[in-house]
Amino acid sequence: MTQRKGEKPTISIQEHMAIDVCPGPIQPIKQISDYFPRYPRGLPPAVPHVGPLRSALSTSSAAATATASAESDRPNEDNPDRACAGATASLQAVKRDEEPDVEGYDSDDSTTLGTLEFSLQYDQENNALHCTINKAKGLKPMDHNGLSDPYVKLHLLPGASKANKLRTKTLHNTLNPVWSETLTYYGITDEDMVRKTLRISVCDEDKFRHNEFIGETRIPLKKLKPNQIKNFNNCLEKQLPVNKTEDKSLEERGRIMISLKYNTQKSCLVVGIIRCAHLAAMDANGFSDPYVKTYLKPDENKKSKHKTAVKKKTLNPEFNEEFCYDIKYADLTKKTLEVTVWDYDIGKSNDFIGGVSLGINANGERLKHWFDCLKNKDKKIERWHTLTNELPGSLND
């Protein structure tokens, strides 16, 4: 195509777009990551593409580095500590580049449930287990405000139930609560110290929903030495499954202290009902109205029944009552003492709380208590016993 003199050259729209859009080789579009690269963990940084901003920064940093190196060449010869400090700083800079992105991890994996500080002491003389809950640190937030309303509850395993649950007060809006509160289990025997485990759970209290579980820790009581305080600072763990094969008939309903004495002068067995502790709550108000009944079986004449007074609205009643059974010493080996605890109700049947049997057919502490009574005439032998939901014999209230 010839062009006349004085005429402007004509350019097609295709040529115009090609000139404006593609004036040269196609270049990649700049991204923020080009200016702030993240190197793969464990790999040395590669030489990145140098853009306008990078070249300007590198030029200024190179000049500063040259000036600093010129000034530091002489002092480093006389001061090796400064040279080591510089090398350490460079290593720390590399380590900072290798830090993982914490925000990219799932919260359950990157955070802990917290720690709990507490102490335990077994008072062997008084058959008591003292649990002092001191404080917790770094608990997992459970509420929308990023805090929690934590409290601690205790259970004895196996046989956990509401009867052997103890709990602290609730502290609101904190992840580092300080309770400094002592909870005490009464009626703890040497047998319990061998086979029982203390479960300590930290929970978040909610007014309008179910309380939420935060974490727990478990301590076998056999780790404790009598009359010695042992301190713990344990990390909380996720809830561990409870053995469902455990016999539910052995669910604990509380503890009872019984005294036995055979009076040789009167030829009678003196049974003392001293007190109960941690009884199961049978009423809607969270308490019970307990009383105790005793039987010496077999009871051919059905005259061995004795009953204590009713103690109102309590789970830790004190009775201090004694009953006498006229019986020959030789016949005690054929007898079984059945003790049951009941909740008194007006206008309806009384509720069975728990029971225990002492005699030659018993085992463990119950058998030992009976034998100690037979061996030590005219001596009062006191023992704590665990009440279970198993009704001894076929007793009816």
Side-chain angles (χ1 to χ4, degrees), residues 126-129 151 153-156 159-170 182-189 192 211 248-260 269-297 299 302-325 336-358 365-366 369 382-397:
N126 297 312
N127 295 103
L129 176 64
Y151 67 92
K153 63 179 181 179
L154 311 179
H155 283 103
L156 286 175
S161 65
K162 292 183 179 179
N164 64 29
K165 182 186 78 172
L166 300 177
R167 62 162 288 174
T168 66
K169 60 187 176 183
T170 301
T182 299
L183 307 174
T184 301
Y185 278 109
Y186 294 99
I188 301 297
T189 63
D192 292 327
N211 296 342
K248 293 185 178 180
S249 66
L250 297 180
E251 177 186 340
E252 293 186 5
R253 296 296 188 90
R255 306 290 174 110
I256 184 170
M257 178 181 277
I258 302 172
S259 68
L260 298 178
L269 175 67
V270 181
V271 177
I273 304 300
I274 301 174
R275 60 179 294 198
C276 294
H278 314 300
L279 291 180
M282 308 303 290
D283 298 336
N285 60 7
F287 293 96
S288 294
D289 302 320
Y291 67 95
V292 180
K293 294 194 301 181
T294 64
Y295 294 85
L296 191 61
K297 294 201 170 180
D299 184 16
K302 297 183 179 180
K303 294 182 179 181
S304 68
K305 176 181 174 180
H306 290 281
K307 184 188 298 186
T308 68
V310 176
K311 302 296 181 179
K312 294 289 186 178
K313 199 177 180 181
T314 178
L315 301 180
N316 300 280
E318 293 190 9
F319 298 100
N320 294 315
E321 297 187 35
E322 290 185 345
F323 309 112
C324 292
Y325 291 100
T336 298
L337 178 67
E338 294 181 348
V339 181
T340 56
V341 184
W342 299 80
D343 170 52
Y344 178 75
D345 289 320
I346 300 177
K348 60 179 182 177
S349 298
N350 298 332
D351 298 319
F352 172 71
I353 297 179
V356 63
S357 296
L358 308 179
E365 289 289 333
R366 296 169 294 173
H369 192 185
E382 295 180 355
R383 293 283 190 278
W384 280 97
H385 298 283
T386 301
L387 297 170
T388 67
N389 61 343
E390 206 170 29
L391 187 64
S394 56
L395 298 177
N396 292 318
D397 184 44

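When a residue number appears, it is its place in the shown sequence, counting from 1.
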Side-chain heavy-atom pair L183, Y185 within 4.5 angstrom cut-off:
no
Contact check, side chains of E338 and T294, non-hydrogen atoms, under 4.5 Å:
no
CH2/W384 to CG/D192 distance, rounded to the nearest 0.5 angstrom?
11.5 Å
With side chains defined as the heavy atoms from C-beta onward, is the minimum distance between R383 and T189 less than 4.5 Å?
no
Can you confirm whether H385 sits close enough to L358 that some side-chain heavy atom of one is under 4.5 Å from a side-chain heavy atom of the other?
yes
Distance-only criterion, 3.5 Å: show the donor-acceptor pairs between side-chain atoms of residues 272-284 and protein atoms not counting sequence neighbours.
residue : atom : partner : partner atom : Å
H278    : NE2  : Y186    : N            : 3.0

Do you know which two heavy atoms are closest between L315 and G286, and how far apart they sit?
CD1-O, 3.7 Å
Check side-chain contact (heavy atoms from CB on, under 4.5 Å) between T170 and all other residues, then give those that pass, not counting sequence neighbours.
D149, Y151, R167, H172, E205
Distance from T184 atom OG1 to L129 atom CG, nearest 0.5 Å?
8.0 Å
Considering residues at least two apart in sequence or located in another chain, which fulfil the ring pair (Phe, Tyr, Trp, His ring centres under 6.0 Å) criterion with Y325?
H306
Quick one: which of T308, N350, T340, D343 gives a side chain to side chain donor-acceptor pair (under 3.5 Å) with Y291?
N350
Just verifying a value: how many Å separate R255 CZ and N164 CG, rounded to the nearest 0.5 Å?
7.5 Å
How many angstroms lie between atom CE of M257 and atom CD of E318, to the nearest 0.5 angstrom?
10.0 Å
Going from NZ on K293 to NZ on K305, what distance comes out if it is rounded to the nearest 0.5 angstrom?
4.5 Å
With rounding to the nearest 0.5 Å, note down the distance linking OG1 in T386 to CZ in R366.
8.5 Å
Least distance between heavy atoms, T388 atom then R253 atom
C-CG, 3.9 Å
So do the side chains of V271 and L260 get within less than 4.5 Å of each other, counting heavy atoms only?
yes
Going through the checks in order, is the side-chain contact (heavy atoms from CB on, under 4.5 Å) test met by L154 and K165?
CA-CA 5 Å; L154 311 179; K165 182 186 78 172; over 6 Å; no
